[in-house]
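Following: one structure in C-alpha cells, then a few remarks.
For clarity, every value in this text was computed on a predicted model and none was experimentally measured. Numbering of ligands and ligand atoms starts at 1, following listing order.
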Amino acid sequence: MGFFYDNPLVAIVASSFLLWLVRFIVSFVKTRQLFHRLPGPPHHLLWGHMMVAGTIASRLPKRVHPHVYPCFLTKEYDLPPLYYLDLYPLNHPTLVILDPQVAQDVLADATLPKHRSLKDVIAPLAGHANMLSSYGPMWKKWRSAFNPGFSVHYLMQQVTTIVDCSEAFVEILDQHATTGRVFRLEEETTKMTIDIIGKAVCDHDFKALVGDSEFQTLMRKTISWMPDTQSLNPFHRKHPFRPLFWKYYKWRLDQYVGKVLDERFTARIGNAEKKARKKTGIDLALEQHFKESGQDVDSRTTTMSTEFRRNAIDNLLVLLFAGHDTTASTVCYCYHMLSKHPEKLAKIREEFNNVFGQDVGAAAKLKQDPFFINKCEYTLAVIKEVLRLWPPGSSGREGRKGYFVKDPITGNMLPTENFLLWVPSIAMHRDPRIWGDDAHEFKPERFLSENNHKLVPNAYRPFEKGPRNCIGQELALLEMKIVLATTVREFDIKAAYDELDTLDNDGSLWARDRSEKTGIQKCFGDEAYQILLAAGKPREGMPARVMLGNVLLGNVALFALARLIEGSRERVSKRRVQTQRHREDEYF
Ligand code: HEM
C-alpha cells in the first residue's frame, strides 16, 4: 500500500486498469448472456467468433472497410437474410439485416435512435445536437429547419455555382494532365466537394480549389484522428492522445464556422428582405433562431443565444462534413468504373454529345439553362450503379427492449435489445439473391427507366430511405452529374495503383499510413477497394493519371487557347485601368 501512496502516478494507472478490467469482464458476461438467450433455429445465429471472421479476414486486405464482411460471410456460410453476429469485444453484438423489406421497416422507424457507435464517431466533430446522430425532437427541429435548403427547386438555382467549382476542378485536372504525374484523385475531388458544399450550405468560399484551405486541413486532420475500430492493437483503438487532438481540432473548426455564422448573422440584421430570399443552410439556421426567439430580424438589439449558436455550428459542421466526404469518394469511383468499362465510357460521352452538342462545353450550356442536366439519363444511371457497388456508408440503429423484427423465413420474432441493427447497404447491393448472378458487374442499364420494373423494392439504399434518409442526396446527384458532364469528355482518368510508390512521400494523410500497404490488395477483384476513413474512401485516395480525352482533344486545345487570349486581354485591360487610375491619382 505504501508503494502506491509514494507513487501516485502508478496508483492512478493501476486503478484505471483495474476499473477497465472489471468493466470488460462485466460486459463480456452480459454479452454472452445476450447471445445465449436468443431463439433458434441455429442456422440463423452465426456464432461469429473470431474464427469465422478471422477466416474471412485472412482473405481480404487488412484495412478493407468492414461493411464488406457481411458480403463474404453470407456467401461463405450460406447465411439467411437476417443473422446475428457475435464479434465481441471487437464489435458490438449485431443483427445483420440484408432483407430489403425488414431494412425498410427498421429504418423507417424514426423512434429508433442511431447506434451509439455512430454517435461516438460524429460527436468529436459535430457535438451531440447534430442532425446526423441525434434523434427525437432535437433531430426533428434541425432536419425541418434545413430541409428547404435541399429542395430540388432551390438546388437548381445552385447549378451555376456548382459549374463554377467544376470548372476550377477542370483546371486542376488540366495541370495534372500537363505534368503527366500520378496524383491522389480523392484529394482533388475533395477540394471541389468542399467548395461546393461550402457555398451551398454557408454561402462561403472555403477556397479549397484555389490553394491551401484552412478548413480543408482542419477537416482532414479531424478525420485522420477518428477511432481506428479495425485495429487489433489496443493502443490504436484507444489512442491516449486522441481526445486531446479531437478537442483541439473541434475547437478550431468551431472558431472557423462560428465566424462565418456570426458574419452572416450581422449581415442579416437590417438586410432582412434581401437575405430572406436565400435558402442556404446558414440562413435557414438563422431563420430557425428568429422563429424560436421571436426576435425582430431587423432590430440591432437581436442576439444569438449561446446554446443556439453552439447547436447551429454543430449542424453546419455535420452538413459540411457529410456533404463533401461521401461525394468526393463517389466521384472517384465514377471515373474508375468508367475507365474500366470503355463501352460505358463511350455511351456516357455520346449522351453528353447529344445533350450539350459536340462543339460546346457542357459548362457554358448549363450556365445558360441548368435544366439541361436533367436530360442526362444515362449519366444518372452510371452514378446510381457506382453507388450500388461502392456505397460510402451504411446505417445502424440501436435495438431496444420490446422491439422485435420478423424473420422473413421462419416468421420468428427476433429480439433487438442491446443489438446494433445493421443494414450494410453494400452487402444488400451485391447480393445475387436480389440482383442476380451479375450482382458484382457494372451495368448502369439497370437504372434506366425501361428497367425500373425489374428492381426489387427497397433493395437499393445508398442514401437510405425513410425519415432519416440523406438530406443531401439531390445535391449530391446534381453535383456528380455536373462534374461528369464537364470532365468526362475532356479527360481520360485512370487509377494507377501500380505507381503508388511514387506518392510515398507526398505528405498526405495516406502516405503516413503504412499498415495497409502489405498483404492482399484486392477486394471484389479491385485494387481500389474501400477503406474506412469517416466515409468509405478509395484505398490510398485512388492514385491516378489523367490525360486529355481523345474525343475533345482539339476542343480542349481551343478552349485553352481561348482562355489564354482572354487572360491576356484581361491583363491588358487591367493594366489600362491601373494606368488610368495612376494618372488620375497623379492628377488629383
Ligand atoms: C454520394 C453522396 C452521399 C451519400 C452516399 C450519402 C449517404 C447517406 C446515408 C446512407 C445517410 C443515412 C445515414 C444513417 O442512416 O445513419 C445519410 C444521411 C445524411 N446525409 Fe448523406 N450522403 C451523401 C451526400 C450528402 C450530402 C451532399 C449532404 C449535405 C448536405 C449529406 C448530408 C447528410 C445528413 C445531414 C444526413 C443525416 C440526415 C438525418 O439523419 O436526418 N449527405 N447520407
Side-chain angles (χ1 to χ4, degrees), residues 67 97 103-104 106-110 112-119 121-122 125-126 129-136 138-151 154-155 158 162 189-190 192-202 279-282 284-285 314-334 380 383-384 386-398 420-426 428-429 460-481 483 530 534-537:
H67 71 177
I97 300 174
Q104 182 62 15
V106 169
L107 296 176
D109 190 331
L112 287 176
K114 295 274 175 104
H115 191 258
R116 71 197 97 123
S117 51
L118 177 75
K119 292 181 193 161
V121 170
I122 299 297
L125 177 87
N130 76 78
M131 100 181 85
L132 179 62
S133 62
S134 64
Y135 93 113
M138 180 62 87
W139 161 73
K140 210 168 178 183
K141 172 177 134 178
W142 287 101
R143 174 86 192 210
S144 342
F146 284 113
N147 264 339
F150 295 95
S151 69
Y154 172 69
L155 291 176
Q158 302 270 0
I162 300 175
T189 54
T190 298
M192 173 179 58
T193 54
I194 282 197
D195 276 2
I196 293 177
I197 196 70
K199 286 176 184 164
V201 168
C202 291
K279 283 273 181 280
T280 58
I282 206 158
L284 291 162
D314 281 347
N315 275 287
L316 289 170
L317 274 172
V318 98
L319 285 170
L320 293 168
F321 160 68
H324 84 270
D325 211 39
T326 43
T327 317
S329 298
T330 310
V331 172
C332 293
Y333 280 111
C334 286
L380 181 60
I383 297 168
K384 285 186 172 176
V386 165
L387 280 167
R388 182 181 71 83
L389 293 171
W390 304 105
S394 59
S395 287
R397 299 289 185 270
E398 191 92 56
L420 155 64
L421 310 183
W422 189 26
V423 181
S425 48
I426 192 166
M428 199 185 287
H429 290 174
Y460 181 66
R461 26 199 341 126
F463 295 107
E464 262 321 322
K465 288 168 165 267
R468 301 297 305 253
N469 67 357
C470 174
I471 196 174
Q473 57 186 294
E474 292 300 338
L475 171 63
L477 291 174
L478 181 67
E479 194 175 332
M480 290 190 276
K481 279 193 284 181
V483 171
Q530 286 175 317
K537 292 195 177 51

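The distance from the OG1 atom of Thr327 to the CD1 atom of Ile194 is 11.0 Å, given to the nearest 0.5 Å. Distance check, rounded to the nearest 0.5 Å: CZ of Phe463 to OG of Ser395 gives 12.5 Å. Note that the NE2 atom of His429 and the CZ atom of Arg461 stand 8.0 Å from one another [nearest 0.5 Å]. The structure places NZ of Lys199 at 5.5 Å from CG of Asp195, a figure rounded to the nearest 0.5 Å.
Asn130 contributes no side-chain N or O that, together with a main-chain N or O of Ile122, makes up a donor-acceptor pair within less than 3.5 Å. With hydrogens and angles ignored, the 3.5 Å screen pairs a side-chain donor or acceptor of Arg468 with a backbone N or O of Leu132.
Ligand 1 has Phe150 within reach: a non-hydrogen atom of the residue lies less than 4.0 Å from it. In this structure, Ile197 has a heavy atom closer than 4.0 Å to ligand 1. Residue contact annotation: Leu320 has no non-hydrogen atom under 4.0 Å from ligand 1. Between Pro391 and ligand 1 there is no heavy-atom distance shorter than 4.0 Å. The shell of residues lying under 4.0 angstrom from ligand 1, judged by heavy atoms, includes Arg397.
When each atom of ligand 1 is checked for a heavy atom of Leu319 under 4.0 Å away, the hits are 29 (C), 30 (C), 35 (C). Shown in contact with Pro392 at under 4.0 Å from a heavy atom are these atoms of ligand 1, numbered in order with element: 5 (C). If you number the atoms of ligand 1 from 1 as listed, the ones under 4.0 Å from a heavy atom of Asn469 come out as 38 (C). Near Trp139, meaning under 4.0 Å from any of its heavy atoms, are these atoms of ligand 1: 39 (C), 40 (O), 41 (O).
We find that Lys114 and Glu398 are not joined by a salt bridge, their nearest charged nitrogen and carboxylate oxygen being 4.0 Å or further apart. Between Asp325 and Lys537 there is a salt bridge, with a side-chain nitrogen of the basic residue lying less than 4.0 Å from a carboxylate oxygen of the acidic one.
In terms of protein heavy atoms, atom 10 (C) of ligand 1 is closest to Pro462 O, 3.2 Å. Summary of contacts: the protein heavy atom closest to atom 16 (O) of ligand 1 is Lys114 NZ, 3.0 Å.
Backbone and side-chain nitrogen or oxygen atoms of Ser395 are examined, and one is located within less than 3.5 angstrom of a nitrogen or oxygen of ligand 1. In terms of polar-atom proximity, Arg468 is counted as a contact of ligand 1, with an N or O under 3.5 Å from an N or O of the ligand. Backbone and side-chain nitrogen or oxygen atoms of Thr330 are examined, and none is located within less than 3.5 angstrom of a nitrogen or oxygen of ligand 1.
The closest side-chain heavy-atom distance from Leu319 to Phe146 is below 4.5 Å. Side-chain atoms of Val386 and Met480, non-hydrogen and from C-beta on, never get closer than 4.5 Å to each other. Under the 4.5 Å side-chain criterion, counting only non-hydrogen atoms from C-beta, Leu477 is in contact with Leu380.
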Thr330 vs Trp390, side chain to side chain donor-acceptor pair (under 3.5 Å): CA-CA, chis, key distance, verdict | CA-CA 7 Å; Thr330 310; Trp390 304 105; over 6 Å; no
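Protein atoms that are N, O or S and lie under 2.8 Å from atom 21 (Fe) of ligand 1 are these: Cys470 SG.
The nearest non-hydrogen atom to atom 38 (C) of ligand 1, considering only Arg143, His324, Met480, comes from Arg143.
Within the structure, side-chain hydrogen bond (donor to acceptor under 3.5 Å, both in side chains) pairs that include any residue of residues 139-148 comprise Lys141-Glu292, Arg143-Asn147, Arg143-Asn469 (at least two apart or interchain).
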